[in-house]
Amino acid sequence: MLLAALLAPGAYAQELEPRAYSNLPVGMNFLLVGFAKSEGSLSTAPALQIEDAELDIDTGLLAYARALNLWGNSGKVDVILPYSHLEGSALVSGVPRERDVSGYGDPRVRLSMNFYGAPALTMAEYPAYEHDLVIGASVQVAIPMGQYSSDRLINIGSNRWGIKTDVGFSKAFDKVTADFTVGATIFTDNDDFFGGQRLEQRPVYSTQVNLSYDFGENVWAALGYTYYFGGRTTVEGDTKDDELGNSRVGFTLSLPIDRNYSFKFNASKGVVTRFGTGFDVVGFLIQYRWGGGLSSGN
């Protein structure tokens with residue numbers, strides 16, 4: 001859960017998140033602390049005037065999530081606060097530049113709801129639940145509160161709102177669970193883009209498939225693939241030839257430590273990059289859960 005937020009700043013259209021629409025006992029809380037390291041290149045997007053960018057990004061994460069009862073269906077709300085250190089070099093309009101900056105990324109708030117196949121259950125009812133076909137949807141909002149400087153092309157924050165909507169399908173086949181998600185991310189304009197210009201961006205559309213295997217005792221692993229496209233930009237009325245057509249693959253491993261704590265490892269790699277980001281990410285999360293009847297020994 002939430003390992004997706006450890007991607008490079010602003011890359012939330014590219015996320016891989018297996019089991020995003022699994023059922024959880026109502027009232028259960030999750031506190032997560034994580035870290036990820038990203039290394040790679042930022043390709044030559046005309047809107048950014050950048051070439052040969054090589055960036056190292058270290059991101060820390062603090063997040064909270066709570067399972068909800070939404071009109072009899074299971075749901076979840078989560079809040080994510082990332083903090084990143086970014087350093088690297090690039091050619092900006094043909095001139096070598098270096099960047100070394102730390103700061104908060106844009107916080108994100110998400111509400112998700114399973115509206116078929118995953119009813120709201122108490123902890124006492126949950127053991128009798130069997131995952132079959134689950135259909136759900138979510139809305140995530142990125143709030144423009146992160147570090148941003150209009151005299152720099154590369155920043156940790158984005159200085160604009162982002163809204164990502166998803167519809168997800170999850171089907172269990174014994175120990176294997178297959179997830180399929182389609183989504184779209186829309187952006188408000190950045191009125192203070194590099195030197196006070198106006199940056200507009202069309203929606204970014206995404207699809208992803210994840211296959212996870214349950215080894216028992218709450219141990220599971222997943223392989224995922226995502227493809228995202230669209231997102232052409234316009235700067236001061238000049239539409240750029242920078243439409244995305246990118247894909248990534250990823251791996252996730254979840255290991256319980258005890259009844260309250262679990263550990264998650266994640267790695268992802270860019271496969272095809274037309275424009276945007278081509279980078280590799282390795283990260284981990286420590287998750288603590290409580291509430292919803294867990295403390296009673298259920």
Check: Are Lys175 and Asp214 within salt-bridge range, i.e. N to O under 4.0 Å?
Finding: no
Note to self: Once side chain to side chain contact (heavy atoms under 4.5 Å, CB included) is applied, do any residues pair with Asn218, and if so which ones, sequence neighbours excluded?
What the structure shows: Pro256
Margin query: With a 4.5 Å cut-off on side-chain heavy atoms, are Asp151 and Phe194 touching?
Written below: no
Check: Any link between Val219 and Leu223 through a network of hydrophobic side chains (Ile, Leu, Val, Met, Phe, Trp, Tyr) touching at under 4.5 Å?
Finding: yes
Checklist line | Gln208 and Asn210, any side-chain heavy atoms less than 4.5 Å apart | finding: yes
Note to self: Taking the ring of Tyr213 and the ring of Phe215, is the distance between their centroids below 6.0 Å?
What the structure shows: yes
Next item on the list: In sequence, state the C-alpha distance, the side-chain angles, and the governing distance for Asp192 and Asn159, and then conclude on side-chain hydrogen bond (donor to acceptor under 3.5 Å, both in side chains).
Entry: CA-CA 8 Å; Asp192 196 20; Asn159 196 45; 4.9 Å; no
Notebook entry, point to check: Who are the salt bridge (Lys or Arg N to Asp or Glu O under 4.0 Å) partners of Asp56, not counting sequence neighbours?
Noted result: none
Notebook entry, point to check: Where the side chain of Asn155 meets the backbone of Gly157, is there a donor-acceptor pair that is under 3.5 Å apart?
Noted result: no
Next item on the list: Would you name the heavy atoms of Leu81 and Pro107 that are closest together and state the gap between them?
Entry: CD1-CG, 4.1 Å
Check: Would Thr234 and Leu199 count as a side chain to side chain contact (heavy atoms under 4.5 Å, CB included) if you check the C-alpha gap in whole Å, the side-chain angles of each, and the deciding distance to 0.1 Å?
Finding: CA-CA 6 Å; Thr234 299; Leu199 171 68; over 6 Å; no
Next item on the list: Flag yes if Val182 and Tyr205 sit in one hydrophobic cluster, no otherwise; membership is Ile, Leu, Val, Met, Phe, Trp, Tyr, and two members link when side-chain heavy atoms are under 4.5 Å apart.
Entry: no
Next item on the list: Grab the two heavy atoms, one from Tyr225 and one from Ser247, that are nearest each other, plus how far apart they are.
Entry: OH-CB, 3.4 Å
Check: With sequence neighbours excluded, what pairs up with Asp132 under the side chain to side chain contact (heavy atoms under 4.5 Å, CB included) test?
Finding: Lys171
Item checked: Pair Arg248-Ser268, side-chain donor/acceptor within less than 3.5 Å -> yes
Note to self: Measuring from atom CD1 of Ile156 to atom OG of Ser84, what distance do you get when rounded to the nearest 0.5 angstrom?
What the structure shows: 5.0 Å
Could you give the side-chain donor-acceptor pairs of residues 18-34 under 3.5 Å, partners two or more places apart or in another chain?
{"residue": "Arg19", "atom": "NE", "partner": "Ser212", "partner atom": "OG", "Å": "3.0"}
{"residue": "Arg19", "atom": "NH2", "partner": "Ser212", "partner atom": "OG", "Å": "3.4"}
{"residue": "Tyr21", "atom": "OH", "partner": "Ser138", "partner atom": "N", "Å": "3.4"}
{"residue": "Tyr21", "atom": "OH", "partner": "Ser138", "partner atom": "OG", "Å": "3.2"}
{"residue": "Ser22", "atom": "OG", "partner": "Arg19", "partner atom": "O", "Å": "3.2"}
{"residue": "Asn23", "atom": "OD1", "partner": "Ser74", "partner atom": "OG", "Å": "3.1"}
{"residue": "Asn23", "atom": "ND2", "partner": "Pro119", "partner atom": "O", "Å": "3.1"}
{"residue": "Asn29", "atom": "OD1", "partner": "Tyr64", "partner atom": "OH", "Å": "2.4"}
{"residue": "Asn29", "atom": "OD1", "partner": "Arg66", "partner atom": "NH1", "Å": "2.8"}
{"residue": "Asn29", "atom": "ND2", "partner": "Gly27", "partner atom": "O", "Å": "3.2"}
{"residue": "Asn29", "atom": "ND2", "partner": "Trp290", "partner atom": "O", "Å": "3.4"}

Next item on the list: Keeping to residues at least two apart or across chains, list the ring pair (Phe, Tyr, Trp, His ring centres under 6.0 Å) pairs with something in residues 96-121.
Entry: Tyr83-Tyr104
Checklist line | Verdict with supporting geometry, Lys164 and Phe187, side chain to side chain contact (heavy atoms under 4.5 Å, CB included) | finding: CA-CA 9 Å; Lys164 182 181 181 182; Phe187 309 94; over 6 Å; no
Notebook entry, point to check: If you round to the nearest 0.5 Å, how far is CZ of Phe193 from CZ of Arg152?
Noted result: 14.0 Å
Margin query: The criterion is ring-ring contact (aromatic ring centres under 6.0 Å, His included); which residues satisfy it with Phe180, sequence neighbours excluded?
Written below: none
Item checked: Phe263: ring-ring contact (aromatic ring centres under 6.0 Å, His included) partners, not counting sequence neighbours -> none
Margin query: Applying a strict under-4.5 Å side-chain criterion to I, L, V, M, F, W and Y, I'd like to know whether Val134 and Leu211 cluster together.
Written below: no
Margin query: Any heavy-atom pair between the side chains of Tyr227 and Ser206 that's under 4.5 Å?
Written below: no
Item checked: ring pair (Phe, Tyr, Trp, His ring centres under 6.0 Å) contacts touching residues 126-148 (sequence neighbours left out) -> none
Margin query: I'd like to check the side chain to side chain donor-acceptor pair (under 3.5 Å) partners of Asn260; sequence neighbours left out, ordered by chain and number.
Written below: none
Item checked: Considering all heavy atoms, the nearest Ser158-Asn190 contact -> O-ND2, 3.5 Å
Next item on the list: Please list, chain by chain and in numerical order, all residues satisfying side chain to side chain contact (heavy atoms under 4.5 Å, CB included) with Arg198, sequence neighbours excluded.
Entry: Asp189, Asp191, Glu200, Glu236
Notebook entry, point to check: Taking C-beta and beyond as the side chain, do Leu86 and Ile154 meet within less than 4.5 Å on heavy atoms?
Noted result: yes
Check: Is there a side-chain contact between Gln201 and Arg160, using heavy atoms and a 4.5 Å cut-off?
Finding: yes
Check: Is there a donor-acceptor pair under 3.5 Å between the side chain of Asp100 and the backbone N or O of Glu87?
Finding: no
Item checked: Co-members of the apolar cluster containing Phe173 [side chain, <4.5 Å] -> none
Checklist line | N/O donor-acceptor pair under 3.5 Å between Asn266 side chain and Leu253 backbone | finding: no
Check: Atom OG of Ser262 and atom CD of Gln287: how far apart are they, to the nearest 0.5 Å?
Finding: 4.0 Å
Notebook entry, point to check: By side chain to side chain contact (heavy atoms under 4.5 Å, CB included), which residues pair with Pro144, not counting sequence neighbours?
Noted result: Trp161
Check: Are side-chain heavy atoms of Ile80 and Leu61 found at a separation under 4.5 Å?
Finding: yes
Next item on the list: Report yes if the side chains of Ile163 and Gln140 come closer than 4.5 Å at any heavy-atom pair, otherwise no.
Entry: no
Item checked: Presence of salt bridge, Lys240 and Asp238, under 4.0 angstrom -> yes
Notebook entry, point to check: How about Phe265 and Phe284: are their ring centroids closer than 6.0 Å?
Noted result: no
Notebook entry, point to check: Any side-chain heavy-atom pair from Thr181 and Thr207 closer than 4.5 angstrom?
Noted result: no
Checklist line | Side chain Thr122, main chain Glu125, donor-acceptor under 3.5 Å | finding: yes
Item checked: Closest non-hydrogen atom pair, Val281 against Ala36 -> CG1-CB, 4.1 Å
Margin query: Would you say Leu111 ends up clustered with Ile143 if hydrophobic residues are merged whenever their side chains have heavy atoms under 4.5 Å apart, either directly or through other cluster members?
Written below: no
Item checked: Hphob cluster co-occupancy, Val77 + Leu285, side-chain heavy atoms under 4.5 angstrom -> no
Check: What is the minimum heavy-atom distance between Ser149 and Arg99, and which atoms define it?
Finding: CB-NH2, 4.5 Å
